[in-house]
Amino acid sequence: MTPDEIEMVEKPKHYQDKDGKDLYQQWFEKHNADTFRHIMRAVAERYTSRYERKNGIEDLEKGIYTLQRLKEYEKERK
């Protein structure tokens with residue numbers, strides 16, 4: 001993937017707040033653990049269920065990235 005493609009998957013600027021926190025970090029800080037898990041699984045499902053009719057591989061990458069981030073947050077909680 002090119003640097004621009006990686007940015008669109010991992011750190012799209014339009015989803016960052018004024019402090020540079022992406023949506024995933026904002027949700028992690030705002031919601032309890034169960035709610036955060038549900039949000040992250042729903043986002044991953046949204047990307048992986050639509051990839052064939054919308055953005056193809058990019059959406060698969062976004063779904064995988066979302067699950068990887070969830071895994072990182074789960075490791076932090078332990």
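Only this structure's heavy atoms are used, side chains among them; waters, hydrogens and symmetry mates stay out. Residue numbers count from 1 along this sequence.
A 6.0 Å sphere centred on CD of E45 holds no more than 12 heavy atoms belonging to other residues, nucleotides or ligands.
The distance from the CG atom of L23 to the CD atom of Q25 is 11.0 Å, given to the nearest 0.5 Å. If you take CG on D59 and CD1 on I64, they are separated by 11.0 Å, rounding to the nearest 0.5 Å.
Aromatic ring orientation, Y73 versus F28: parallel (interplanar angle below 30°, classes split at 30° and 60°).
The one candidate from L67, L60, T66 that meets the side chain to side chain contact (heavy atoms under 4.5 Å, CB included) condition with Y47 is T66.
The two atoms that bring G63 and A44 nearest to each other are O-CB, 3.9 Å, heavy atoms only.
Salt-bridge annotation for K62 and E58: present, with a side-chain N of the basic residue lying under 4.0 Å from a carboxylate O of the acidic one.
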(request) Test F36 against L70 for side chain to side chain contact (heavy atoms under 4.5 Å, CB included), laying out the working first. (result) CA-CA 9 Å; F36 176 73; L70 176 57; 4.0 Å; yes

(request) Take H38 and H31 through the test side chain to side chain contact (heavy atoms under 4.5 Å, CB included) and record every step on the way to the result. (result) CA-CA 10 Å; H38 289 295; H31 299 287; over 6 Å; no

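Checked by atom type and distance alone, the side chain of N32 pairs as donor or acceptor with a backbone atom of D34 at under 3.5 Å.
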